[in-house]
Amino acid sequence: MELRLDRAEYADVHVLGLPRALHYYRFGELWQDYFTLLGLECVVSEPTNKHILSRGISRSIDESCYSAKIYMGHVEALLGRCDAVFVPRIAGSGFRKKYCTRFESLYDTVNNTFAADGVRLVTMSHDWNDARSAGDAYIELGTRFGKSRAEAKRAWSAACRLNTQRHKAARREQLALQRSEGTKLLLAAHPYIAHDPYIGGQIAEMLQNLGCTVLYVDRANPRAALSRSESLTVTMPWLESREILGTIDLMKKDLSGVVLASAYPCSSDSMANEFILRTVKDIPILQLTLDVQDGTAGLETRLESFVDIIRFRKEGGYGAK
């Protein structure tokens with residue numbers, strides 16, 4: 001029989017809170033599967049709304065980006081609803097495999113911001129693009145909940161299988177849409193922007209109301225996208241930005257246009273998006289910088305104009321070939 005580690009500091013955590021923001025939109029379903037298979041109950045904060053944003057703003061410094069402010073609101077929304085909140089440190093290492101430093105420092109930011117509230121945090125560190133090191137980190141985390149290494153490994157393997165199946169199904173579904181007729185637009189943004197209903201969700205809904213099909217970067221082929229990005233830049237350090245760049249270039253022959261969206265003030269996007277605009281040719285691109293201001297009238301107008309221009313060009317206007 002395998003012995004369990006003595007230092008199971010999370011063994012008394014039975015209900016674990018997951019903030020529905022930032023990394024949740026890339027890893028959230030994987031986390032829920034894994035922790036559930038470990039025997040924990042997961043509580044996820046409700047989808048982003050005006051109240052969560054308002055509370056997040058009150059918990060943040062002005063220089064924090066829109067998405068980070070939203071995250072703080074989600075952490076606050078979990079207070080009193082769980083035994084601890086899961087806030088991992090996620091980093092990127094190696095040449096051209098960097099990750100926003102905000103994700104590396106997120107645990108410390110949350111820990112300091114909510115110190116007076118007595119919130120308990122569960123954390124661990126891993127390289128998001130190294131599956132082996134990530135697996136080792138999550139298995140070690142499982143032992144800190146009082147599980148044996150074998151139990152944690154079985155739970156992690158099962159969670160990864162389920163996650164792979166979901167990703168393959170999402171890619172198949174998007175590939176069918178990519179090959180369909182009509183106005184197809186890629187919402188080129190980080191998953192925590194594209195899939196947050198309060199941010200990218202509003203953009204997608206507006207585009208769908210205009211009769212467009214909306215496609216997503218993280219439902220394409222990430223390996224192929226990163227490989228394509230290698231031929232476009234040898235200097236861009238951020239892995240997620242290169243994923244966006246490579247996906248646009250791979251898919252552009254099937255697209256009517258691209259909506260390039262970022263959260264203000266994102267320093268990496270401010271540079272990466274400029275590179276994308278200068279590098280990717282032969283496809284219309286609308287750049288949107290989203291912030292905490294209320295009101296969507298201006299956003300709707302820009303999207304409507306963009307779609308009108310695309311369709312007018314398709315009909316032979318504006319010097320279309």
Side-chain angles (χ1 to χ4, degrees), residues 22-23 25-29 67 90 92 94-100 103 128-129 131 163-164 166-180 182-196 199-201 203-204 207-208 212-263 266 268-290 303 306-307 310:
L22 294 182
H23 342 70
Y25 288 102
R26 188 178 285 273
F27 304 113
E29 292 176 318
S67 297
I90 299 180
F95 183 58
R96 285 180 296 181
K97 294 182 179 179
K98 301 302 181 184
Y99 207 53
C100 174
F103 292 95
W128 82 281
N129 195 50
N163 200 52
T164 298
R166 275 192 298 266
H167 281 205
K168 286 182 176 179
R171 287 170 193 162
R172 285 195 300 268
E173 181 180 351
Q174 173 151 297
L175 186 59
L177 293 173
Q178 186 178 331
R179 293 170 175 170
S180 65
T183 305
K184 294 168 290 184
L185 300 176
L186 177 68
L187 180 50
H190 302 298
Y192 54 83
I193 296 173
H195 300 301
D196 189 308
I199 314 176
I203 296 173
L207 291 172
Q208 288 162 355
C212 301
T213 297
V214 181
L215 307 175
Y216 299 92
V217 169
D218 60 326
R219 294 177 186 171
N221 187 325
R223 291 186 181 276
L226 290 174
S227 178
R228 176 61 65 89
S229 75
E230 297 285 344
S231 65
L232 298 172
T233 174
V234 295
T235 58
M236 187 181 292
W238 305 288
L239 205 57
E240 276 199 334
S241 297
R242 290 199 297 108
E243 184 179 70
I244 292 171
L245 169 64
T247 299
I248 294 172
D249 200 59
L250 278 174
M251 293 177 63
K252 65 181 182 180
K253 66 181 184 300
D254 294 325
L255 297 172
S256 306
V258 174
V259 177
L260 183 62
S262 61
C266 178
S268 57
D269 277 1
S270 68
M271 290 181 277
N273 290 356
E274 182 65 24
F275 181 88
I276 290 170
L277 292 170
R278 292 171 181 264
T279 303
V280 179
K281 306 297 182 182
D282 306 320
I283 186 169
I285 300 178
L286 171 65
Q287 183 178 18
L288 297 175
T289 302
L290 309 167
L303 292 172
F306 184 57
V307 173
I310 287 172

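Start at 1 with the first residue, then count along the sequence. These values consider heavy atoms only, across backbone and side chains, with no hydrogens, waters or symmetry-generated copies.
Closest non-hydrogen pair, S67 versus L22, comes out as CB-CD2, 3.8 Å. A pairwise comparison of heavy atoms in V234 and E230 identifies CG1-O, 4.3 Å as the closest pair. The two residues T247 and A225 come nearest to each other via the heavy atoms OG1-CB, 3.3 Å. P191 approaches Y25 most closely through the heavy-atom pair O-CB, 3.5 Å.
Looking only at side-chain heavy atoms (C-beta outward), E240 and Y192 come within less than 4.5 Å of each other. In this structure the side chain of I203 reaches within 4.5 angstrom of the side chain of L290, judged on heavy atoms. P284 is listed as a side-chain neighbour of F306, based on a closest heavy-atom distance under 4.5 Å. For the pair R219 and H195, the minimum side-chain heavy-atom distance is below 4.5 Å. Looking only at side-chain heavy atoms (C-beta outward), L187 and L215 stay at 4.5 Å or farther from each other. Side-chain contact check for L277 versus F275: every heavy-atom pair is 4.5 Å or farther apart.
Atoms OG and CD1, on S229 and I244 in that order, are 11.0 Å from each other to the nearest 0.5 Å. Rounded to the nearest 0.5 angstrom, M236 CE and M271 CE are separated by 9.5 Å. Between the CG atom in N221 and the CE atom in M251 there is a gap of 11.0 Å [rounded to 0.5 Å]. To the nearest 0.5 angstrom, D269 atom CG is 8.5 Å from T289 atom OG1. Here the straight-line distance linking atom CG of D218 with atom CD of E243 works out to 7.0 Å at 0.5 Å rounding. Here the OG1 atom belonging to T213 is positioned 8.5 Å from the CG atom belonging to L185, to the nearest 0.5 angstrom.
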Check residues 254-263 and write down every donor-acceptor pair under 3.5 Å in which the side-chain atom is one partner and the other belongs to a residue at least two apart or another chain.
from, atom 1, to, atom 2, distance (Å)
D254, OD2, Q178, NE2, 2.9
S256, OG, K184, N, 3.0

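Looking at T279, its side chain never comes within 3.5 Å of a backbone N or O of I276 through a donor-acceptor pair.
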Determine, step by step, whether V214 and L177 satisfy the side-chain contact (heavy atoms from CB on, under 4.5 Å) criterion, reporting the C-alpha distance in whole Å, the side-chain angles of both residues, the deciding distance to 0.1 Å, and the verdict.
CA-CA 9 Å; V214 181; L177 293 173; over 6 Å; no
